[in-house]
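The shown structure was predicted, so the numbers you read here are calculated from the model rather than taken from an experiment. For this chain, numbers begin at 1 and follow the sequence in order. Each ligand, and each atom within it, is numbered from 1 in the order the structure gives. Computed from heavy atoms alone, side chains included, the values below leave out hydrogens, waters and symmetry copies.
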Amino acid sequence: MNTVFANKELKKVTDKVSEVAGYLWEKGWAERNAGNISINITDIAKGRVENLSSYPTKQLSITLPSLANNIFFITGTGKRMREVARDIWGNCSIVVVHEDGKTYSIVSEGETVIPTSELPTHLSVHQEMVKRGGTDKVLIHTHPNEIVAMSLLPSLSKEADMNEALWGMHPETYIVVPKGVGLIPYEVPGTDDIAKLTVDSLQSHDVVVWPKHGCLAIGKDMIETFDVIDTLNKSAILYLLCKSAGESPMGLKKGERDVLKIAFKIA
Ligand code: 2HA
Ligand code: ZN
């Protein structure tokens, strides 16, 4: 067995993945194999992946020079979040991007676990996080019911209207997600196109809504990143509850948000 899997620091990370994968399933945001998770673990796995050359070399669909020699924990394609929660290495693997930024190897504990179908987006977004040089290392993609429902409403098809609705439902949403969500056009899942649109949108947001599909959030750890999506989805639930009651909600207005900005020192 590759001793990278026996790394105590890595265990702390994967325990959080198990915890959050369970939440995603319990929330009903992870039907079948919906959603995927990845974490840049270069800091804790560097120098610990043994016999890298013994693993087959695979081609990336895009070149990611800033990810040379970076190491990722990543959920597997076709794998279920409820299974990730109880058997981490049966459903996830480690991906090492080679020096050229064009090829990679998959390091699995037992049978090879092929990374998520959204690998182009995950790695493109990680490259963006590496370039930013901050502390963000985590990416969660999931299908939160009410956020997806909101993305299906013609009246919220513009990003500004979507954010007005989400911020308006609860002060916490503005406090936790002051940059709001990015809303990209519908794109085919798993493609380089959705990856590019997502990276562009992340220039000004930390959460991107994929209309008619789901959302993606980045952050510094699993729990915090999950909490951001959970907070947004709370707003989405409240919005839809008001609409179901037959009324349009009287959300927090811009002036009320400006007060929060000062009170909570939001940049
Ligand atoms: O992993 O959610 O977007 C399945 C998906 C693809
Ligand atoms: Zn999806």
* Structure fact -> Rounded to the nearest 0.5 angstrom, the CG-CG distance for L139 and N36 is 8.0 Å
* Considering only the protein, which heavy-atom contact is closest to atom 6 (C) of ligand 1, and what is its distance? -> E118 OE2, 3.2 Å
Near [X], which atoms of ligand 1 are under 4.0 Å from a heavy atom of that residue?
| X | value |
| --- | --- |
| N36 | 1 (O), 2 (O), 4 (C), 5 (C) |
| H213 | 3 (O) |
| H141 | 2 (O), 3 (O) |
| N33 | 1 (O), 4 (C) |

Would you kindly say whether [X] and [Y] are connected by a side-chain donor-acceptor distance under 3.5 Å?
| X | Y | result |
| --- | --- | --- |
| S248 | K243 | yes |
| T103 | H98 | yes |
| W210 | S151 | no |

* ligand 1 N/O within reach of T116 N/O, cut-off under 3.5 Å -> no
* Could an N or O of ligand 1 be found under 3.5 Å from any N or O of G35, whether backbone or side chain? -> yes
* **Whether Y23 and F226 hold their rings parallel, tilted or perpendicular, with breakpoints at 30° and 60°** => tilted
* What is the name of the N/O/S atom in H141 that sits closest to the Zn ion (ligand 2)? -> NE2
* Please test Y186 against H213 for ring pair (Phe, Tyr, Trp, His ring centres under 6.0 Å), starting from the C-alpha separation and ending with a verdict. => CA-CA 8 Å; Y186 172 78; H213 179 164; 7.7 Å; no
* **Near-ring test F72/H122, centroid separation under 6.0 angstrom** => no
* To do: Give a rough value, rounded to 10 degrees, for the angle at the Zn ion (ligand 2) between atoms NE2 of H143 and NE2 of H213.
  => 100°
